[in-house]
Amino acid sequence: SAKRAGGNTYAVFESHMDANAQEQLSLQLALRQAIAGDASEQLALYYQPKFDAARGQIRGAEALLRWRHPERGMVAPDVFIPIAERFGLINELGNWVIDESCRQLQAWESQGLHMRLSINLSVHQLRQPDLVQRIGRALQSHGIAPDRLLCEITESVAMEDIKTTQRAFEGLGRLGVFLSIDDFGTGYSSLSYLRQLPARQLKIDRSFIQDLELSLDARAVVDGVIKLAHALGLNVVAEGVETEAQRDILVGLSCNELQGYLFAKPMPADDLSDWARGQGPVGGAEFSP
Ligand code: C2E
Ligand code: MG
Ligand code: MG
Ligand code: MG
């Protein structure tokens with residue numbers, strides 16, 4: 001035990017911390033270099049489709065950032081996004097995502113594929129005074145209508161700094177971009193907070209979807225969240241749908257959109273367009289999240 005090992009344990013513990021700090025420093029340096037160089041050499045967006053729950057049509061896709069480290073291979077966003085946030089790289093990274101998303105939307109558009117894309121924003125980006133102008137410029141320079149873009153922000157961080165979120169959401173809303181609350185249910189925020197935000201969509205966190213089949217409590221929570229969200233005029237997406245039983249329950253609870261490995265994993269842009277073409281037209285000319 002730690003007590004019996006005495007000083008040695010501390011030494012091991014400290015050197016372990018050092019290794020972790022070293023690791024973070026080395027990753028942030030590599031990430032800095034990736035962004036500073038030709039970012040597209042190491043960074044890429046993967047796209048995971050979202051489906052209309054009732055009709056099964058594609059409603060759009062979510063852009064998920066991927067980083068291929070030159071020596072280590074793929075590093076997960078759960079690892080490098082927090083590092084980017086801690087070391088002040090998230091705005092540059094986020095700006096690349098904004099631009100690349102609009103470029104890809106235009107590329108799909110020119111292939112006759114009318115996609116709608118969700119991007120994930122960090123709360124640090126919401127604090128950027130020129131975020132709204134930046135997104136506006138990116139849309140304009142690629143000839144993309146604002147209602148093709150949805151911005152997702154994780155509930156827990158959105159509610160931590162509700163004033164910042166509110167200000168940014170209002171600016172983005174005026175621009176005509178749609179707003180979505182991601183990973184809903186993990187932040188313990190009250191639904192009345194949601195009324196203060198001009199959000200159009202709510203994504204129920206995967207942890208609730210996972211428990212749907214076995215836990216009546218999870219089912220009651222999801223049922224309640226969907227009903228309240230609908231009462232507030234929000235469209236509801238379930239993330240992380242992996243089984244047909246989960247899908248059937250969610251359809252029964254009138255969830256609007258489904259996303260998860262049951263339908264498709266995140267994939268490169270070209271795979272998504274091939275795949276989407278095989279699925280028929282992208283769902284509904286009218287977008288009403
Ligand atoms: P998120 O926005 O909640 O994205 C959903 C995550 O769940 C993605 O992980 C996706 O690949 C994964 N997923 C989707 N369907 C399933 C499923 O059926 N089962 C399971 N087990 N997982 C599923 P990913 O791509 O590793 O991204 C993790 C998180 O990193 C994202 O969570 C998001 O918070 C963050 N992230 C990703 N890209 C960006 C970005 O461009 N900017 C920012 N700020 N954050 C990003
Ligand atoms: Mg998301
Ligand atoms: Mg999510
Ligand atoms: Mg999530």
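Atoms within a ligand are numbered from 1 in the order they appear, just like the ligands themselves.
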For ligand 1, which atoms, with element, lie under 4.0 Å from some heavy atom of V97?
41 (O)

Need the ligand 1 atom indices (1-based, order shown) with element for anything under 4.0 Å from a heavy-atom of S122.
44 (N)

Give the contacting part of V241 toward ligand 1: side chain, backbone, both or neither, where contact means a heavy-atom distance below 4.0 Å.
backbone

Does D217 reach the side chain of S215, with side-chain heavy atoms less than 4.5 Å apart?
yes

List every atom of ligand 1 that sits less than 4.0 Å from any heavy atom of G240, numbering the atoms from 1 in the order shown and giving each element.
16 (C), 17 (C), 18 (O)

Can E257 and R116 be counted as an ion pair, charged N to O under 4.0 angstrom?
no

Does at least one non-hydrogen atom of R206 fall below 4.0 angstrom from an atom of ligand 1?
yes

Residue list, salt bridge (Lys or Arg N to Asp or Glu O under 4.0 Å) with R127, at least two apart or on another chain:
D161

Looking only at heavy atoms, the pair that brings V132 and L172 closest together is CG2-N, 3.8 Å

So for E62, does at least one of its heavy atoms come nearer than 4.0 angstrom to any atom of ligand 1?
yes

Any heavy atom of R66 closer to ligand 1 than 4.0 angstrom?
yes

Is there a donor-acceptor contact under 3.5 Å linking the side chains of S118 and E62?
no

List for me each residue that meets salt bridge (Lys or Arg N to Asp or Glu O under 4.0 Å) alongside K227, sequence neighbours excluded, and say none if there are none.
D223

Evaluate L65 for polar contact with ligand 1, using N/O atom pairs at a separation under 3.5 Å.
yes

Side chain, backbone, both or neither: the part of N120 lying under 4.0 Å from ligand 1 by heavy atom:
both

Of D99, L175, D130, the residue whose pairing with I135 passes side chain to side chain contact (heavy atoms under 4.5 Å, CB included)
L175

Quick check: do W67 and L27 have side-chain heavy atoms less than 4.5 Å from each other?
yes

Quick one: are E239 and D205 in side-chain contact, heavy atoms under 4.5 Å?
yes

Please confirm whether G94 comes under 4.0 Å of ligand 1, counting heavy atoms of the residue only.
no

With heavy-atom distances below 4.0 Å as the criterion, list the atoms of ligand 1 near G260.
15 (N), 18 (O)

Quick one about Q133 and R137 (side-chain donor to acceptor, distance below 3.5 Å, no hydrogens or angles considered), yes or no?
no

Quick one, E155 and K203 - any side-chain contact, counting heavy atoms below 4.5 Å?
no

Does a side chain donor of either N95 or Q125 reach within less than 3.5 Å of an acceptor in the other side chain?
no

If we set the cut-off at 4.0 Å for heavy atoms, which region of Q48 has an atom near ligand 1: side chain, backbone, both, or neither?
side chain

Near the Mg ion (ligand 2) (under 2.8 Å) - protein N, O or S atoms:
E62 OE2, N120 OD1, E152 OE1, D182 OD2

Residue pairs involving residues 70-89 (criterion side chain to side chain donor-acceptor pair (under 3.5 Å); sequence neighbours excluded):
E23-R72, Q24-R86, S26-R72, E85-S122

T154, any N or O under 3.5 Å of ligand 1 N or O:
no

The atoms of ligand 1 lying under 4.0 Å from a heavy atom of E242, numbered in the order shown, are 17 (C), 18 (O), 19 (N), 20 (C), 21 (N)

Does any N/O atom on D183 come nearer than 3.5 Å to any N/O atom on ligand 1?
yes

